[in-house]
Amino acid sequence: MSSKAVSAAYATRLGDNALVLGQRLIELVAASPELEEELANANFSLDYIGQARMFYTYAGECEGAGRTEDDFAFLRPEHEYHNLLLVEQPNGHFGDSTVRAVLFESWYVLLLEALTRCADEGLAAIAERAVKEVRYHLRHSSQWLIRLGDGTEESHVRAQASLDNLWRFTGEMFVADELDGVMLNEFEGPDLAAIETQWRKNVAAIVAEARLELPGDQWMASGGKQGKHTEHFGFLLAEMQYLQRAYPGAEW
Amino acid sequence: MYESDQILEWLSQVPDPEIPVLTITDLGIVRDVDCSNGVTVSLTPTYSGCPATEAIEASVVAALEDRGVSDVRIKRVLSPAWTTDWITEDGRKKLRVYGIAPPERRDRPVACPRCDSSNTEVVSEFGSTACKASYRCVDCLEPFEYFKCL
Ligand SMILES: [Zn+2]
């Protein structure tokens, strides 16, 4: 793989995480538990979609084949998306969305921090912009998890169930594939093993403050980075890509 | 051939589309003006998902074209990332008068833009746009927006 191809593939993968989570959060618009959360989710979604646009635009430049951000978002089939399975999981109830956010953002912040120091200047610049936003998201999501876990009996039970249910999607965040290896070794990119250690510490602290139990070791789902998705993903793409598929090239 | 000071002077009249009391130079998002080959204006987005980014770029081009500058290019720069520290002193004053509490340096209390009391509380970390949080003044009860520190 040429170095440009590595940058393009890695940027696309990060763009996929951001876009898919952004699309999930958009689904919460007009369906949030209260007005403030409505605004929060809409703002988070905007941040994520903005990040996806920067990653895709950069991927298109590195690739040099004339693909635009829209081509990446709207014209790729399911198996060409390499996002983590965690971000495509349905919103569920508010506890589910909150746990998903805490688990993902705790990882994403560490990944972006590492990327700001990598040798790929384009990726480092996007990471520098994005990390400030995601730190803020994480502050918000972890405060909510603490409130839910340490809240009423019912919110505690439901938050614990969300945590137990989504935990199996956290394993693949730390399994380095070939592309992760190239990023680490040739671009001084993120070291997923080091990130895992820090992530466990940070997540354990939030979970403890929320008076929840950390789930034990278990079977972990994987496949997102290879384009093998959970059953929910096709529906998400179908809705997101509908317009460009039905009316190719439509603009407004 | 234009002088970059002249270009900057014109840009200092371009309002931010979301907070029109501020100009784009008050906000600190104009990072560079290069007049060596046409006019290249370097802009940095405030937030990744700021929906105003394209609108700002279009109004920069329009503002300069209105003054007869024909060869305008926009360069989007991401690094260093924009910070609220780049909002000018003048910009902070304008925000306060407009009713939005300007960003405070860390650990400093947020002052009510109406009565100046620092006895204020957060209602929500999120406001009508990504850059603002919702606050309430405990003394005069004014609900107001706070331009978040970033
Ligand atoms: Zn007041």
Side-chain angles (χ1 to χ4, degrees), chain A residues 11 14-15 18-19 21-23 25-26 32-58 61 69 112-113 115-118 120-144, chain B residues 17-19 27-29 31-32 42-58 74-87 100 103-107 110 121-136 143-150:
Chain A
L14 294 178
L19 181 66
L21 187 53
Q23 175 70 15
L25 294 175
I26 281 287
S32 290
E34 58 176 1
L35 192 58
E36 278 80 7
E37 282 315 298
E38 175 85 17
L39 286 171
N41 280 312
N43 281 317
F44 289 160
S45 181
L46 270 179
D47 283 342
Y48 281 123
I49 290 170
Q51 291 168 21
R53 295 182 62 186
M54 295 194 290
F55 282 126
Y56 288 151
T57 300
Y58 182 60
E61 282 166 21
E69 46 178 305
L112 290 172
E113 278 170 359
L115 270 181
T116 62
R117 297 184 294 268
C118 82
D120 183 322
E121 284 176 18
L123 284 175
I126 300 172
E128 186 183 336
R129 167 72 273 162
V131 73
K132 293 176 126 192
E133 294 156 2
V134 181
R135 274 193 200 117
Y136 192 76
H137 299 185
L138 176 60
R139 217 172 81 211
H140 181 85
S141 57
S142 45
Q143 278 171 11
W144 262 116
Chain B
E18 284 188 339
I19 310 175
L27 261 179
I29 60 176
R31 301 315 297 159
D32 189 43
S42 297
L43 298 171
T44 190
T46 47
Y47 288 78
S48 305
C50 181
T53 306
E54 276 91 3
I56 291 171
E57 291 174 358
I74 303 289
K75 203 168 127 196
R76 232 184 252 191
V77 287
L78 293 176
S79 178
W82 181 79
T83 147
T84 44
D85 295 348
W86 294 349
I87 299 178
I100 299 175
E104 286 293 348
R105 318 222 185 293
R106 337 271 140 180
D107 316 329
V110 173
E121 60 185 18
V122 190
V123 177
S124 167
E125 296 255 29
F126 300 88
S128 56
T129 62
C131 55
K132 284 174 278 170
S134 307
Y135 270 69
R136 172 166 52 213
F144 65 92
E145 290 189 302
Y146 168 59
F147 203 117
K148 293 183 301 207
C149 236
L150 186 87

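Around CZ of Arg31(B), the count of heavy atoms belonging to other residues, nucleotides or ligands within 6.0 Å exceeds 12. Enclosure of atom CD in Glu54(B) by more than 12 non-hydrogen atoms of other residues, nucleotides or ligands within 6.0 angstrom is indicated.
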For salt bridge (charged side-chain N to carboxylate O under 4.0 Å, His left out), just list the numbers for Lys148(B) and Glu133(A), CA-CA rounded to whole Å, side-chain angles, deciding distance to a tenth of an Å, and then say yes or no. CA-CA 11 Å; Lys148(B) 293 183 301 207; Glu133(A) 294 156 2; over 6 Å; no
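For Ile126(A), the parts lying under 4.5 angstrom from a heavy atom of chain B are both the backbone and the side chain. If you measure heavy-atom distances from Glu37(A) to chain B, you find no contacts under 4.5 Å at all. Contact annotation for Arg135(A): neither backbone nor side-chain heavy atoms come within less than 4.5 Å of a heavy atom of chain B.
Taking Glu36(A), Arg139(A), Glu128(A) one by one and counting their heavy-atom pairs under 4.5 Å with chain B, the maximum is reached by Glu128(A). When each of Ser79(B), Pro80(B), Gly49(B), Ser124(B) is scored by its heavy-atom pairs under 4.5 Å with chain A, the top score falls to Gly49(B). For chain B, the option among Gly22(A), Ala125(A), Ala40(A), Ala130(A) with the highest count of heavy-atom pairs below 4.5 Å is Ala40(A).
At least one side-chain heavy atom of Ser48(B) sits under 4.5 Å from a side-chain heavy atom of Met54(A).
Under the 3.5 Å distance criterion, the side-chain polar atoms of Lys132(A) are matched with a main-chain donor or acceptor of Trp82(B). Of the possible donor and acceptor atoms, none in the side chain of Arg129(A) sits under 3.5 Å from a partner among the backbone N and O of Thr44(B).
Residues Tyr136(A) and Phe126(B) place their aromatic rings such that the two centres sit under 6.0 Å apart.
Taking CG from Asn43(A) and NZ from Lys132(B), the interatomic distance works out to 10.0 Å, rounded to the nearest 0.5 Å. Once rounded to the nearest 0.5 Å, the distance linking CG of Leu46(A) with OH of Tyr47(B) reads 12.0 Å.
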